[in-house]
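Following: one structure in structure tokens, then a few remarks.
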Amino acid sequence: MSKTLVLITGANQGLGYSTAEQLAETGKYHILLGARTKSKAESAIKQLVSNSTIDSSALTPLVIDANDDASITAAAKSVSDRFGSLDILINNAAICNATDPNLSLRDSFRAVFETNVFGVAVIIDTFLPLLRASKYHDRRIVNVTTGMAQMGVAYSPTSEYGARHARLPEYRSSKAALNMLTAVEGVTLEKENILVVSTSPGYCRTNFTGGYGVKDAGQGAMNIIRAATEGDPKTLLGTIVAEECRVEDIGW
């Protein structure tokens, strides 16, 4: 392929959609729009191509559900059969809390970890052979995290993102676990010249946040794109890509 192949999970709405839109607008990337159902992926593509600057041939729907190993395996096979490799993987799909309010505490934690941690771990492991098969000079795995997973932010008595103001224990702890997964995979894959890096989009107005936030999704997506396409991998390893200067300032 002449264009860099990028897979974005949870690309049918919010930050994932905005990331896909901005990458597609450059004309440099072929985007695999990951969604839990084909109809959601195709609906997102239909919306994207209503923008006349986006080439519809550079958008491919991909069914991938982070909670379903069979779905992940099938998605990887689909990419392998059609493209043979993958250049950039963006793990964007996530949930803030369990959708069923009647779940026990244990099951509520399990539901969030299934998507935000276990799903990401399986997706990375399943798609790694395709990343290894890529001849692209700057292969990357980008994991979308949050400043709320930082211990300093949680303990802060003044930050509006501190645990005193917004508890969200399932979400915070799942993203803290994701940060450790990013660190371990980053160190492991460094020798293969595959960068694994975290990015924090910030507190964005999306369905995920109930429409609240200090940025729109397009602004938050810029951080994801920077993590996926810019900078020196050697200096990015071990960092969180965000426009904020200090980690304690990073919001959602």
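- Note on Leu7: it clusters hydrophobically with Leu128, by side-chain heavy-atom contacts below 4.5 Å among ILVMFWY residues.
- Looking at Asp87 and Lys3, no side-chain N of the basic residue comes within less than 4.0 Å of a carboxylate O on the acidic one, giving no salt bridge.
- A salt bridge links Asp65 with Arg36: the closest approach of a Lys/Arg side-chain nitrogen to an acidic carboxylate oxygen falls below 4.0 angstrom.
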Problem - Chi angles and distances behind the side-chain contact (heavy atoms from CB on, under 4.5 Å) call for Leu189, Arg132 - result: CA-CA 10 Å; Leu189 294 174; Arg132 286 174 169 148; 4.0 Å; yes
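- Hydrophobic clustering of Ile, Leu, Val, Met, Phe, Trp and Tyr side chains at less than 4.5 Å, counting indirect connections, keeps Leu130 apart from Val63.
- To the nearest 0.5 Å, atom CG of residue Asn193 and atom CZ of residue Arg139 are 6.5 Å apart.
- In terms of heavy-atom proximity, Lys175 sits nearest to Ala94 at NZ-CB, 3.7 Å.
- Atom CG of Asn223 is separated from atom OG1 of Thr199 by 4.5 Å, given to the nearest 0.5 angstrom.
- Side-chain polar atoms of Thr182 and Asn143 form a donor-acceptor pair below 3.5 angstrom.
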Practice task
Kindly indicate, with the supporting measurements, whether the criterion side-chain contact (heavy atoms from CB on, under 4.5 Å) is fulfilled by Tyr155 and Met151.
Solution key: CA-CA 6 Å; Tyr155 276 118; Met151 296 294 287; 3.7 Å; yes
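- Rounded to the nearest 0.5 Å, atoms CG (Asp138) and CG (Leu195) are 7.0 Å apart.
- Looking at heavy atoms from C-beta onward, Ile141 lies out of side-chain contact with Glu185 at the 4.5 angstrom threshold.
- You'll find the side chain of Cys96 reaches within 4.5 Å of the side chain of Leu168, heavy atoms only.
- Without hydrogens or angle criteria, Thr115 side chain to Val112 main chain gives no donor-acceptor distance under 3.5 Å.
- Transitive grouping of hydrophobic side chains (ILVMFWY, heavy atoms separated by less than 4.5 Å) keeps Val6 and Met222 in distinct clusters.
- Contact between Gly119 and Ile72 at its shortest, heavy atoms only, is O-CD1, 4.2 Å.
- With hydrogens and angles left out, the side-chain atoms of His30 and Thr4 include no donor and acceptor closer than 3.5 Å.
- In this structure, the side chain of Ser156 does not engage the main chain of Gly152 through any donor-acceptor pair within 3.5 Å.
- For the atom pair Leu23 CG and Ile88 CD1, the distance stands at 7.5 Å (nearest 0.5 Å).
- At most 12 non-hydrogen atoms from other residues, nucleotides or ligands lie less than 6.0 angstrom from NZ of Lys234.
- At a threshold of 4.5 Å between non-hydrogen side-chain atoms, the residues Leu32 and Leu86 count as touching.
- Residues satisfying the side-chain contact (heavy atoms from CB on, under 4.5 Å) test with Phe113, not counting sequence neighbours, are Phe109, Val117, Phe118, Ser173, Ser174, Ala177.
- Put simply, the side chain of Ser78 never gets that close to the backbone of Ala74: no donor and acceptor are under 3.5 Å apart.
- One distance of note links CZ of Arg167 with CZ of Arg172; it measures 9.5 Å at 0.5 Å rounding.
- Thr235 contributes a side-chain N or O that, together with a main-chain N or O of Asp232, makes up a donor-acceptor pair within less than 3.5 Å.
- At distances below 3.5 Å, not a single donor-acceptor pair connects side-chain atoms of Ser43 with backbone N or O atoms of Ser39.
- Both Phe83 and Ile124 are assigned to one and the same hydrophobic cluster, defined by single-linkage of ILVMFWY side chains at heavy-atom distances under 4.5 Å.
- Of all non-hydrogen atoms in Pro61 and Ala41, the two that sit nearest each other are CB-CB, 3.6 Å.
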Practice task
Give the C-alpha distance, both sets of side-chain angles, the deciding distance and a yes or no for side-chain contact (heavy atoms from CB on, under 4.5 Å) between Tyr17 and Asn12.
Solution key: CA-CA 5 Å; Tyr17 178 88; Asn12 58 294; over 6 Å; no
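- In terms of heavy atoms, Gly84 sits closest to Ala133 at O-CB, 3.8 Å.
- Annotation: side chain of Val49 is in contact with side chain of Leu59 (closest heavy-atom distance under 4.5 Å).
- Between Ala111 and Ile95, the shortest heavy-atom distance links the atoms O-CD1, 3.5 Å.
- The only option from Leu62, Ile45, Thr9, Thr60 that meets the side chain to side chain contact (heavy atoms under 4.5 Å, CB included) definition with Leu33 turns out to be Ile45.
- Within the model, atoms OG1 of Thr158 and CZ of Arg164 stand 9.0 Å from one another, a figure rounded to the nearest 0.5 Å.
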Practice task
Tell me, with the steps shown, if Glu25 and Ile54 meet side-chain contact (heavy atoms from CB on, under 4.5 Å).
Solution key: CA-CA 5 Å; Glu25 284 176 339; Ile54 294 178; 3.9 Å; yes
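- Taken together through direct or relayed side-chain contacts under 4.5 Å among Ile, Leu, Val, Met, Phe, Trp and Tyr, Val122 and Val79 form part of one hydrophobic cluster.
- Ile224 has its side chain within reach of Val144: a pair of non-hydrogen atoms, C-beta onward, lies under 4.5 Å apart.
- Between Ser198 and Asn179, the shortest heavy-atom distance links the atoms OG-OD1, 4.0 Å.
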